[in-house]
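In what follows, chains carry the letters A, B, and so on, assigned in the order in which the sequence lines appear, proteins first and then strands, with residues in each chain numbered from 1.
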Protein chains: 2
Amino acid sequence: MNELPEDEQDGSGLFVRSVEKAMRVLECFRHARNPMTLGQLATQTGYTKSTVQRSVHTLLELGYLARHSDGRLQSGLKCLDLAFQFLQPNPLISAAYPILLKLRDATGERTNLSLFDGTTLIYAIRLQSTKDYIYVSSLIGRRMPTFCTAGGRAMLAQLPREQAQQIVMASSRRPLTPQTKTDPSEIMAAVDVARAQGFASVVGEPVIGEVTVAAAVVGARGDPLGAVHLSSNISHCDPDEFVGRYAPLAIEAAHMLSEMR
Amino acid sequence: MNELPEDEQDGSGLFVRSVEKAMRVLECFRHARNPMTLGQLATQTGYTKSTVQRSVHTLLELGYLARHSDGRLQSGLKCLDLAFQFLQPNPLISAAYPILLKLRDATGERTNLSLFDGTTLIYAIRLQSTKDYIYVSSLIGRRMPTFCTAGGRAMLAQLPREQAQQIVMASSRRPLTPQTKTDPSEIMAAVDVARAQGFASVVGEPVIGEVTVAAAVVGARGDPLGAVHLSSNISHCDPDEFVGRYAPLAIEAAHMLSEMR
DNA sequence: TAATATCATATCGAATGCCGATACGGTCGT
DNA sequence: ACGACCGTATCGGCATTCGATATGATATTA
């Protein structure tokens, strides 16, 4: 007779647990560099081997998982389909694409669009530099912390200060490089600077040797939707000059994509 | 032992139906240009409103669906995560990225990597032309028919002829442009040409006014994994010259990515 | 060679968690 | 006022999922 709110995180009685389990199993592959076995998935999720077996069987049949040549499991092609369905009808994406392309060619630098998602941001468009060919795994769907990225701080600056602070406090604030600011008040100070300037810039905080300027894209009520990023390597340019030259362009692009009227 | 054929479409008793239902609901958004309501999802999937309600509730909570401002439903950010997990550990993708970048800059043309998936192919890397800014919705995860695309035919040419023919026959062969070849024997003739040449080229079949050369990437046993595409618009170049000039480059790139030893 | 520890796969009784008909309160058009 | 949608909530019954367990294959030990 356990009619208490026994489960913490789900909510109403509409929640389908088998679906959650399957998705959790699918999500195991996020940080996995290699294919996985049933047993590994079981220990990682905490589910029984049977549960994992059933989830995996189903996801295999549906195409969201696939078998590596050695029989282990990896992400399936259908995962790409889901990304397409997200991007395709998204008005921000389709509006941003040509604008970012033009921006990339005007600057020659790496040009990205990220989307706001609380303590993390997620890259939705990534355009490569026309100069260097570093494969910084410039992949769609990569998440980065909000608190230490230029885009993240530009977006935080669009939130009510208290709300921004909540996000900063809720972040893990694990330093990604020796230069990552981890002190909440220091981070909030940077956010305040971003609010005053209308853009944010960071050097070396999320990635060593990288300089980034970013401006926030906002919705109809001024809420942050995403950010336009321009990045380069400090070995190729002077950071201050980079920021000074490109911040206005990032702001302009972000403004064109914003819905504030 | 139990050769029970009475089961309709799933397979063994390990198949979890609630998961299938949730994924089917999620897949409804593939061809939807607009956010959807519960009722629309119910009619489109054939499930009861209750089932859809539960699936949607769960997918919302997990982040794979999101609410549009008017309350209707759309794809959620988590869908992008799945694409990342597919791309990130994939050795073909990480190997292809720098090679395609170099190829794109050597040619200046749109450069893609597609992956083989039976009657369709799916784009995994899309690099824009350095010349024109058309937003041909150059998005990851887009599927195209195998039978009428250059990449598709290049891949079919790597299969045993009979198997290729099976795929052609299983394709819908709905013409995408007036120039799309729909006659199976005509298509197989083009595949034979591709096999002889080591690459495939099409003009205007999948997209009006587009010329594409493609070469297949093959696995250790010569099986097609994907294809390297180079595309341009016929208003910008002479198709024959385009094919003649770039086919060797596509072949070279595809060869570098292949596992045949 | 044998023992041990993985692995994937399959089975099956039990009860839980999903199923889906149904109901309720909105908000549109008309 | 009505009807036709919308999203949301409820609830008894029973199909479906659950998870312990068994099997055989493969790999790594000694």
Side-chain angles (χ1 to χ4, degrees), chain A residues 1-26 28-29 32 34-62 64-74 76, chain B residues 1-26 28-29 32 34-62 64-74 76:
Chain A
M1 271 337 257
N2 49 352
E3 85 302 336
L4 30 129
E6 83 288 281
D7 232 339
E8 319 82 19
Q9 61 271 52
D10 76 64
S12 82
L14 294 172
F15 194 75
V16 183
R17 262 153 248 252
S18 4
V19 173
E20 181 193 29
K21 288 180 197 148
M23 300 318 273
R24 297 284 179 233
V25 167
L26 193 49
C28 281
F29 294 84
N34 296 314
M36 302 190 77
T37 68
L38 275 188
Q40 290 172 322
L41 291 169
T43 53
Q44 188 162 334
T45 56
Y47 300 142
T48 67
K49 210 169 103 175
S50 298
T51 297
V52 174
Q53 182 186 14
R54 255 174 283 115
S55 296
V56 161
H57 175 85
T58 308
L59 292 170
L60 267 175
E61 203 139 312
L62 295 175
Y64 292 94
L65 285 181
R67 287 210 178 279
H68 190 74
S69 44
D70 63 2
R72 307 212 307 284
L73 297 156
Q74 60 188 13
Chain B
M1 262 287 143
N2 51 352
E3 77 284 21
L4 45 131
E6 90 286 88
D7 227 344
E8 318 84 20
Q9 59 268 52
D10 68 63
S12 80
L14 293 171
F15 194 75
V16 181
R17 262 151 251 249
S18 6
V19 173
E20 181 192 31
K21 289 181 196 144
M23 298 319 272
R24 298 283 178 233
V25 167
L26 193 49
C28 282
F29 294 85
N34 296 314
M36 302 190 77
T37 69
L38 275 189
Q40 291 173 320
L41 291 169
T43 54
Q44 187 163 334
T45 54
Y47 301 141
T48 67
K49 209 170 103 176
S50 297
T51 296
V52 174
Q53 181 187 13
R54 255 173 285 114
S55 296
V56 161
H57 175 85
T58 307
L59 292 170
L60 267 174
E61 203 139 311
L62 295 175
Y64 292 93
L65 286 180
R67 287 210 178 279
H68 190 75
S69 43
D70 63 2
R72 308 214 303 286
L73 297 156
Q74 60 188 14

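Summarising the geometry of A/C28 relative to A/L41, their closest heavy-atom pair is CB-CD2, 3.5 Å, with the distance given to 0.1 Å. Nearest heavy atoms, A/M36 versus A/Q40: CA-OE1, 3.2 Å. In terms of heavy atoms, A/S55 sits closest to A/V25 at CB-CG2, 4.1 Å. Nearest heavy atom pair, residue B/Y64 against residue B/L26, reads O-CD1, 3.5 Å.
The backbone N or O of B/V16 sits less than 3.5 Å from a side-chain atom of A/T58, completing a donor-acceptor pair.
In this structure, B/G39 reaches the sugar-phosphate backbone alone: every heavy-atom distance under 4.0 Å involves primed, P, OP1 or OP2 atoms, never a base. Within 4.0 Å (heavy atoms only), B/R67 reaches sugar-phosphate atoms of the nucleic acid but no base atom.
In this structure, the separation between CG on A/L73 and CZ on A/F29 is 5.0 Å, given to the nearest 0.5 Å. If you take CG on B/N34 and CZ on B/R72, they are separated by 6.0 Å, rounding to the nearest 0.5 Å. Remark: B/E20 CD to B/F15 CZ distance equals 3.5 Å, nearest 0.5 Å. The distance from atom NZ of A/K49 to atom OG1 of A/T37, rounded to the nearest 0.5 Å, is 9.0 Å.
Atom CD in A/E20 sits roughly 19 Å away from atom P in C/dT16 (whole-Å rounding). Atom CG of A/L38 and atom P of C/dA10 are 12 Å apart (whole Å). Counting to the nearest Å, the C1' atom of D/dG7 and the NE2 atom of B/H57 are 13 Å from each other. Distance, B/L60 CG to D/dA9 P: 12 Å, rounded to whole Å. One atom, CZ of A/R72, and another, P of D/dT26, lie 17 Å apart when rounded to the nearest Å. As rounded to whole Å, 7 Å separates atom P of C/dC7 from atom CD of A/Q40.
Taken over five-pair windows at either terminus, the axes of the helix from C/dT1-D/dA30 to C/dC28-D/dG3 are inclined to one another by 40° (rounded to 10 degrees).
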Using nucleotides 28-30 of chain C, report all nitrogen or oxygen pairs with the protein that are shorter than 3.5 Å.
none

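For the pair A/V56 and B/L14, the minimum side-chain heavy-atom distance is 4.5 Å or more. Residues A/T45 and A/K21 form no side-chain contact, since every pair of their non-hydrogen atoms from C-beta on lies 4.5 Å or further apart.
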Exercise for the section: If a protein heavy atom is under 4.0 Å from the base, mark B; if only from the sugar-phosphate, S; if neither, -; do that for nucleotides 18-25 of chain C going 5' to 3'. Expected result: SBBB----
